Undergrad: 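This is the structure I have questions about; it appears just below.
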Amino acid sequence: MTVGETFLKALEGLTVGFQMMTPQNVVILIVGIVLIYLAIKKGFEPLLLIPIGFGAILANIPAAHMMDKDVSVVCVETGKLETLDVKVGQVVGVDQTLCRVNVGGVVKDVKASEAGKVIKIISAKPGDQVNVGAEVVLVEKDYRKWGLLRVFHETGISTEVFPCLIFVGIGAMTDFGPLLARPVLLLFGAAGQFGIFLTLLLALSMGFSKLHSVAIGVIGACDGPTAIFVTSRYAPELLAAVSIAAYSYMSMVPILQPPVMRLLTSKKERAIKMTSTGTAVPQAVKIVFPIVVTLVTCLIAPIGAPLMGMLMLGNFLRESGVVGRLVAASQNEIANVVTLLLGLSIGATMDGNVFLTTTTLIIFGLGLIAILLDTAAGVMFGKLMMVLTRGKVNPLIGAAGISAFPMSARVVQAEGQRENPQNFLLMHAMGANTGGQIGSVMAAAVMLSALKTMGVA
Amino acid sequence: MDEKYVFGLTLTVVGMGTTFISIGLLILLTEILKKVLAAKPAKKE
């Protein structure tokens with residue numbers, strides 16, 4: 001080989017990324033940049049959208065293999081498949097013969113390029129014609145050879161560890177004081193979950209499978225970690241679409257909720273002042289509350305224990321008052337590190353070649369409907385409470401019964417003050433909003449438990 | 001009725017019903033806790 005040829009060969013390797021780039025990859029690269037732009041310029045959930053956007057960019061750089069887990073062995077020449085020498089589940093080494101192909105009377109070996117476990121025989125049976133480039137066998141590589149983002153994804157998302165750790169942080173950051181002052185506000189947290197089930201029914205009517213419909217409905221929980229937990233368990237192929245829809249719409253709560261709130265209430269109703277802020281809450285109640293919630297909810301819906309248990313653990317650390325270092329770590333180090341890895345892992349699932357489908361667009365549409373239905377159901381429940389209490393409850397409070405904390409409570413406060421500048425609904429809305437956090441996890445946990453007993457999952 | 005809709009409606013009724021019952025139970029227990037654990041006034045010497 002001449003110096004020139006060697007030089008050209010070396011340069012060839014540097015153009016592989018460009019050669020393998022597909023239009024779908026380009027679209028997702030642009031989407032990743034748009035997500036980052038929205039996070040920086042518009043302030044849309046920057047803690048999540050920046051890692052998600054960057055993860056999407058990294059995962060769509062061809063030949064970078066950031067999400068690699070398995071490798072398909074392809075035929076290098078056209079011929080007739082002579083023998084298949086491996087079975088699914090068999091562990092193979094580098095250069096081990098996987099099959100033999102008869103090329104014009106000469107039998108040639110097709111060998112494994114990576115060590116690992118055979119997880120799929122792609123090609124047809126012996127005797128079939130196989131063309132050059134045809135995939136024959138899929139080999140799952142040894143985990144030490146996985147792409148970096150794949151390692152994050154498998155260890156944190158597939159195992160459901162990341163959403164649970166995020167909940168420790170959320171629990172440590174949440175003050176249930178306003179809710180405990182008026183425990184009846186918890187009812188709004190239950191009413192705000194109607195959107196989950198209405199969207200589930202809508203997804204079923206549109207032809208989605210049962211488990212896919214459940215995952216899509218959970219966007220209505222307005223709760224990113226819960227959506228990830230449920231989807232990674234029952235519909236991992238929808239994880240990117242569901243989690244991005246959940247987080248995007250959560251960040252858009254200040255835009256999405258007000259029109260629904262105004263549509264369903266009159267000016268007079270929105271101007272209702274809520275005076276009573278409830279009774280004083282002894283510290284002992286704040287300490288015991290997370291234990292009671294854990295016991296009650298986990299006994300009713302045990303499958304939701306990882307979520308509710310971690311949420312209440314974080315809150316118990318906070319209220320116990322004796323583990324300041326653990327509270328600080330949960331609120332900062334744990335929440336920050338996991339948020340970064342969680343965002344990267346979700347973004348990494350946005351492989352343009354599988355993400356860009358009409359299904360993704362439909363999921364985004366249904367997710368939007370879910371949030372709007374949550375708000376509508378919450379406000380209607382607020383109106384019911386208004387009637388039952390003879391006008392002592394402002395129906396806007398119902399809109400805060402979702403898990404998007406504290407955005408939703410702030411929206412209620414702003415809308416109330418628009419009609420009556422003397423109106424201070426924030427503490428009531430905060431109570432309903434923290435109730436929404438409990439309600440969303442509870443609804444998801446009940447759904448998971450019911451799915452199990454119904455034999456669907 | 002289509003089996004899918006039976007599934008969806010069952011999940012909706014069971015899901016929302018159980019969520020409301022659990023929340024109701026939590027409200028009740030919280031009110032009891034507030035009464036039982038209410039801060040007692042300091043005794044006068």
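Scope of the values below: all heavy atoms of this structure, side chains included, with no hydrogens, waters or symmetry mates. Here is the naming used below: chain letters follow the sequence lines, and residue numbers restart at 1 for every chain. As the structure is a computational prediction, the values presented were derived from the model and not from experiment.
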Undergrad: Give the member of Ala444(A), Ala443(A), Ala450(A) that has the highest number of heavy-atom pairs under 4.5 Å with chain B.
TA: Ala443(A)
Undergrad: For Met447(A), which atoms come within 4.5 Å of any heavy atom of chain B: side chain, backbone, both, or neither?
TA: both
Undergrad: Is there a side-chain contact between Phe197(A) and Val14(B) (heavy atoms, below 4.5 Å)?
TA: no
Undergrad: Going through the distances and angles, do Leu11(B) and Val214(A) end up as a side chain to side chain contact (heavy atoms under 4.5 Å, CB included)?
TA: CA-CA 10 Å; Leu11(B) 206 54; Val214(A) 167; 4.0 Å; yes
Undergrad: Enter the distance from Ile287(A):CD1 to Leu33(B):CG here, rounded to the nearest 0.5 Å.
TA: 11.5 Å
Undergrad: Measure the OG1-CE distance between Thr10(B) and Met454(A) for me, rounded to the nearest 0.5 Å.
TA: 5.0 Å
Undergrad: Please classify the contact of Leu25(B) with chain A as side chain, backbone, both or neither, using a heavy-atom distance under 4.5 Å.
TA: side chain
Undergrad: Measure the spacing between CD1 of Ile21(B) and CD1 of Ile300(A) and express it to the nearest 0.5 Å.
TA: 8.0 Å
Undergrad: If we define contacts as heavy-atom pairs under 4.5 Å, which of Val184(A), Leu451(A), Leu201(A) has the most with chain B?
TA: Leu201(A)
Undergrad: Against chain B, label Leu186(A) side chain, backbone, both or neither, depending on which of its atoms sit under 4.5 Å from a heavy atom there.
TA: both
Undergrad: Name the region of Leu200(A), side chain, backbone, both or neither, that has any atom closer than 4.5 Å to a heavy atom of chain B.
TA: side chain
Undergrad: Quick one: what part of Val296(A) sits under 4.5 Å from any heavy atom of chain B, side chain, backbone, both or neither?
TA: side chain
Undergrad: Indicate the atoms forming the closest heavy-atom contact of Ala190(A) with Ile23(B), along with that distance.
TA: CB-CG1, 3.9 Å
Undergrad: Test: side-chain hydrogen bond (donor to acceptor under 3.5 Å, both in side chains). Region: residues 214-233 of chain A. Which pairs qualify, not counting sequence neighbours?
TA: Glu160(A)-Arg233(A), Asp223(A)-Thr226(A), Asp223(A)-Ser403(A), Asp223(A)-Ser440(A)
Undergrad: Which bit of Val285(A) comes within less than 4.5 Å of chain B, counting heavy atoms only: side chain, backbone, both or neither?
TA: both
Undergrad: What side-chain hydrogen bond (donor to acceptor under 3.5 Å, both in side chains) pairs are there with at least one residue in residues 287-303 of chain A, not counting sequence neighbours?
TA: none
Undergrad: Is the side chain of Lys34(B) donor-acceptor paired with the backbone N or O of Pro183(A) at a distance under 3.5 Å, no angle test?
TA: no
Undergrad: Would you give the length of the straight line joining atom OG1 of Thr12(B) to atom CZ of Phe194(A), rounded to the nearest 0.5 angstrom?
TA: 9.0 Å
Undergrad: Using heavy-atom distances under 4.5 Å, tell me whether Leu29(B) contacts chain A through its side chain, its backbone, both, or neither.
TA: side chain
Undergrad: Determine, stepwise, if the pair Glu3(B) / Lys210(A) fulfils salt bridge (Lys or Arg N to Asp or Glu O under 4.0 Å).
TA: CA-CA 10 Å; Glu3(B) 190 254 341; Lys210(A) 290 173 184 171; 2.5 Å; yes
Undergrad: Would you mind checking which part of Phe188(A) comes under 4.5 Å of any heavy atom in chain B, side chain (CB onward), backbone (N, CA, C, O), both or neither?
TA: neither
Undergrad: Looking at every heavy atom in both Ala38(B) and Pro282(A), which two are closest together, and how far apart are they?
TA: CA-CG, 3.7 Å
Undergrad: How far apart are the C-alpha atoms of Leu26(B) and Val292(A), what are their side-chain angles, what is the distance that settles it, and do they pass the side chain to side chain contact (heavy atoms under 4.5 Å, CB included) test?
TA: CA-CA 8 Å; Leu26(B) 282 179; Val292(A) 171; 4.3 Å; yes
Undergrad: Under 4.5 Å heavy-atom distance to chain B, tell me which part of Ala301(A) shows up: side chain, backbone, both or neither.
TA: neither
Undergrad: If I take atom OH from residue Tyr5(B) and atom OG from residue Ser205(A), how far apart are they, to the nearest 0.5 angstrom?
TA: 4.5 Å
Undergrad: Nearest 0.5 Å, what's the CZ-OG1 distance between Arg182(A) and Thr30(B)?
TA: 14.0 Å
